[in-house]
Amino acid sequence: MAKAEKNGVKITLPVDFVTADKFDEKAATGTATVAAGIPAGWMGLDCGAESSKLYAEAVGRAKQIVWNGPVGVFEWDNFAKGTKNLMDKVVEVTKSGCITIIGKKDEMVVLFYCLKSIKHRRWMNGFSRPLKLWLSVFCPGGGDTATCCAKWDTEDKVSHVSTGGGASLELLEGEW
């Protein structure tokens, strides 16, 4: 975080969560905030409403987005709202000229990088969870963003859908 601050990079972390008492589609659900913490025995399976607003603001400022993983367990309706809201915002900014590349998550825990210029930036090292969104956004996540596009019929509403996953990020990072 100090490195980001030193470089003038704004990182948006989640401030609230949709919680579950177990990792199950039919789990009891609740909400939690960072300030109050997630109760013992519960887990965060989606970002909350306030986090969704913060992410939407950050995405709205972006000129280019490389998204590699959803912000919740989108496969289950109780935990899909954060990812759906984010997808809606990504589609909206694509219509306004933002370049949006949707990646397929494979071995990556990191999910979302937002860049003003790929060729003039290097990835921030040392972050693992909840993930990183370069220049603008941090969100919790995992899963398959390309599948999100298919689920909500948005494949033709973003600039590009890649199934390269981590390999695509390595290419953008300049490791190839």
Please check if the side chain of S51 supplies one atom and the backbone of D16 the other of a donor-acceptor pair under 3.5 Å. yes
Contacts of V18 meeting side chain to side chain contact (heavy atoms under 4.5 Å, CB included) (sequence neighbours excluded), chain-then-number -> D46, F79
Would you check if the side chain of T145 reaches a backbone N or O of G69 as a donor-acceptor pair within less than 3.5 Å? yes
- Query: For K151, does the NZ atom sit with more than 12 other heavy atoms under 6.0 Å from it, leaving out its own atoms?
  - Reply: yes
Judged by atom type as modelled, is there a donor-acceptor pair below 3.5 Å linking the side chain of T83 to the main-chain atoms of G72?
yes
Between T154 and C148 the two heavy atoms that sit nearest each other are OG1-O, 4.5 Å
>> Can you confirm whether or not the ring centre of W76 sits under 6.0 Å from the ring centre of F23?
In response: yes
Practice problem: Could you tell me whether the side chain of W42 and the main chain of G44 form a donor-acceptor pair under 3.5 Å? | Solution: no
Heavy atoms of V158 and T94 approach each other most closely as CA-CG2, 3.8 Å
Quick check: does any side chain N or O of D24 sit under 3.5 Å from a backbone N or O of K26, one acting as donor and the other as acceptor? yes
When every non-hydrogen atom of A27 is compared with those of N78, the smallest separation belongs to O-ND2, 4.4 Å
Practice problem: Could you walk me through whether T31 and F17 pass side chain to side chain contact (heavy atoms under 4.5 Å, CB included), step by step? | Solution: CA-CA 6 Å; T31 60; F17 311 92; over 6 Å; no
(message) Test side chain to side chain contact (heavy atoms under 4.5 Å, CB included) on S52 and L86; report intermediate values, then the result.
(response) CA-CA 7 Å; S52 283; L86 193 52; over 6 Å; no
Please report the C-alpha distance between L13 and M1 in whole Å, then the side-chain angles of each, then the deciding distance to 0.1 Å, and finally whether the side chain to side chain contact (heavy atoms under 4.5 Å, CB included) criterion is met.
CA-CA 11 Å; L13 294 167; M1 296 301 283; 3.9 Å; yes
Distance col, row C149:SG vs M87:CE, nearest 0.5 angstrom, shows 3.5 Å
Note to self: For V90 and W67: C-alpha separation, side-chain torsions, deciding distance, then whether side chain to side chain contact (heavy atoms under 4.5 Å, CB included) applies.
What the structure shows: CA-CA 9 Å; V90 167; W67 182 5; 3.8 Å; yes
Separation between NZ (K53) and CG (N85), nearest 0.5 Å, reads 10.5 Å
Residues passing the side chain to side chain contact (heavy atoms under 4.5 Å, CB included) test with K89, sequence neighbours excluded, are A56, V59, E92, V93
(Q) Any side-chain to backbone donor/acceptor pair from K157 onto D153? Under 3.5 Å, distance only. (A) yes
Check your understanding: Does the T100 side chain pair with the main chain of S159, one donor and one acceptor, at a distance under 3.5 Å?
Key -> yes
